[in-house]
Amino acid sequence: MSEEAVQGGGHLAVVPPGERGATRIADRVVSKIAAQAAREAAGTLPADATPPHATVVVRPRVLDPPQAGETSIDTAHIRVHLELDYPCDIGARCREVRRHVTERVGALVGMEVPEVAVHVERLHLAPAHGVAQGRTR
């Protein structure tokens, strides 16, 4: 393609890619992606557990000093809330959720994810085999 575009008989200069504009991804979209990634990473959850949900704060990354030709990359600070069954290795499950959310948000949205805070809101005690459920007299 030439340096100029012809449209309607007039000559228009082609705008370089770095100056054409920007795509803005809403915080709620990033939080839906993070929640889905948390569901994928959390593994099997108790039947009565609330599905994982996430809140996100997206901030523009400030380049200091500004670099010519550098496109801005936003950063997403993510907080994931989930419920787990117990007993389990809570630390390992939270690490896996943190790793997977960081990876998926980075790959799908193209944002840096410097922080994923995982909040375990509730532990569901797994019923023991052979133990009666409910009250006993």
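As a basis for the values below, the full set of heavy atoms in this structure was taken, side chains included, without hydrogen atoms, waters or symmetry mates. Please read all numbers here as calculations on a predicted model, not as lab measurements.
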ask   = Hey, are Arg99 and Glu96 close enough for a salt bridge, meaning a charged N less than 4.0 Å from a carboxylate O?
value = yes
message = Between Asp85 and Arg93 (salt bridge meaning N to carboxylate O under 4.0 Å), is one present in this structure?
response = yes
task = Indicate yes or no: at least one non-hydrogen side-chain atom of Thr55 is less than 4.5 angstrom from one of Val80.
result = no
request  = Search all heavy atoms of Ala34 against all heavy atoms of Ile78 and return the closest pair with its distance.
outcome  = CB-CG2, 3.9 Å
query = Taking side chain as C-beta onward, heavy atoms only, is Met111 less than 4.5 Å from Val30?
reply = yes
request  = Take Thr50 and Glu83 through the test side chain to side chain donor-acceptor pair (under 3.5 Å) and record every step on the way to the result.
outcome  = CA-CA 7 Å; Thr50 303; Glu83 298 179 9; 3.3 Å; yes
task = Might you point out which heavy atoms bring His100 and Ala41 nearest each other, and give the distance in Å?
result = CB-CB, 3.5 Å
request  = May I ask you to decide if Glu112's main-chain N or O and Thr75's side chain share a donor-acceptor pair within less than 3.5 Å?
outcome  = no
message = Under the criterion salt bridge (Lys or Arg N to Asp or Glu O under 4.0 Å), I'd like the reasoning laid out for Lys32 against Asp27: C-alpha separation, chi angles, the key distance, then a yes or no.
response = CA-CA 9 Å; Lys32 285 181 181 184; Asp27 293 7; over 6 Å; no
ask   = Between His53 and Glu121, does a side-chain contact (heavy atoms from CB on, under 4.5 Å) hold up when you go through it step by step?
value = CA-CA 11 Å; His53 61 281; Glu121 293 186 341; 4.0 Å; yes
message = I'd like to know if Val57 and Val109 are part of one continuous hydrophobic network [Ile/Leu/Val/Met/Phe/Trp/Tyr, side-chain heavy atoms within less than 4.5 Å].
response = no
key: 4.5 Å side-chain heavy-atom contact, Pro60 and Asp74   = yes
key: Validation row: Gln36, Arg104 side chains within 4.5 angstrom (heavy atoms)   = no
query = With hydrophobic residues grouped by side-chain heavy-atom distances under 4.5 Å, do Leu82 and Tyr86 end up in a single group?
reply = yes
message = Taking side chain to side chain contact (heavy atoms under 4.5 Å, CB included) as the criterion, tell me which of Val105, Val56, Ile25 meets it with Ile33.
response = Val105
query = To the nearest 0.5 Å, what is the distance between CZ (Arg98) and CD (Glu103)?
reply = 14.5 Å
message = Between Arg79 and Val116 (side chain of the first, backbone of the second, donor and acceptor by atom type, cut-off under 3.5 Å), is there such a pair?
response = no
request  = Search all heavy atoms of Ala38 against all heavy atoms of Val97 and return the closest pair with its distance.
outcome  = CB-CG1, 4.0 Å
